[in-house]
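Down below is the structure, laid out as structure tokens.
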Amino acid sequence: MNSITFHGVIKIELASSDDSNGKCKSLWVTSTDYLGHEQDTKISFFGETDALLALPRSEDFTEHSEPEAAE
């Protein structure tokens with residue numbers, strides 16, 4: 001089992017989606033540290049990650065898809 005711990009989570013947003021790179025989805029987790037300083041952490045997931053598409057998108061969300069097949 002893997003574990004990641006965040007303190008004071010402010011928001012979690014979908015940062016990017018790239019189906020051409022192993023169906024990668026990246027999240028931004030904005031939180032505060034124990035001193036109250038805001039920090040962003042990017043976490044990337046690969047494989048069957050469509051469950052993450054229900055998350056709100058960040059302002060700078062980017063989406064990449066499979067390139068069109070050449071004819």
Which is it for N21 and K25 under the side chain to side chain contact (heavy atoms under 4.5 Å, CB included) test, yes or no, and what are the steps along the way? CA-CA 9 Å; N21 184 17; K25 306 287 188 291; over 6 Å; no
Cluster question for you: counting only ILVMFWY and a side-chain heavy-atom cut-off of under 4.5 Å, with indirect links fine, are L52 and F46 together? no
Could you walk me through whether T32 and H7 pass side chain to side chain contact (heavy atoms under 4.5 Å, CB included), step by step? CA-CA 6 Å; T32 56; H7 177 81; 4.2 Å; yes
Tell me every residue that passes side-chain hydrogen bond (donor to acceptor under 3.5 Å, both in side chains) with S58, counting only those two or more places apart in sequence or in another chain. D60
Under 4.5 Å between side-chain heavy atoms, hopping through other hydrophobics if needed: is there a path connecting W28 to F61? no
Does any pair with a residue in residues 26-48 pass salt bridge (Lys or Arg N to Asp or Glu O under 4.0 Å), and if so which ones, sequence neighbours excluded? K23-E48
Please answer: with hydrophobic residues joined when any side-chain heavy atoms are less than 4.5 Å apart, are I4 and I10 in the same cluster? no
Assess the side chains of T62 and S16: does a donor N or O sit below 3.5 Å from an acceptor N or O? no
If you measure from OG on S44 to CG on L27, what distance do you get to the nearest 0.5 Å? 8.0 Å
Find out whether D19 and H64 are in side-chain contact, i.e. whether some heavy atom of one side chain is under 4.5 Å from a heavy atom of the other. no
Group every Ile, Leu, Val, Met, Phe, Trp and Tyr by side-chain heavy-atom contacts under 4.5 Å, then state whether I43 and L55 land in the same group. yes
Decide whether L53 and V29 are clustered together by the hydrophobic rule: side chain heavy atoms of Ile, Leu, Val, Met, Phe, Trp, Tyr closer than 4.5 Å, transitively. yes
Taking all non-hydrogen atoms of both residues, which atom of S31 and which atom of V9 are closest, and how far apart? CB-CA, 3.9 Å
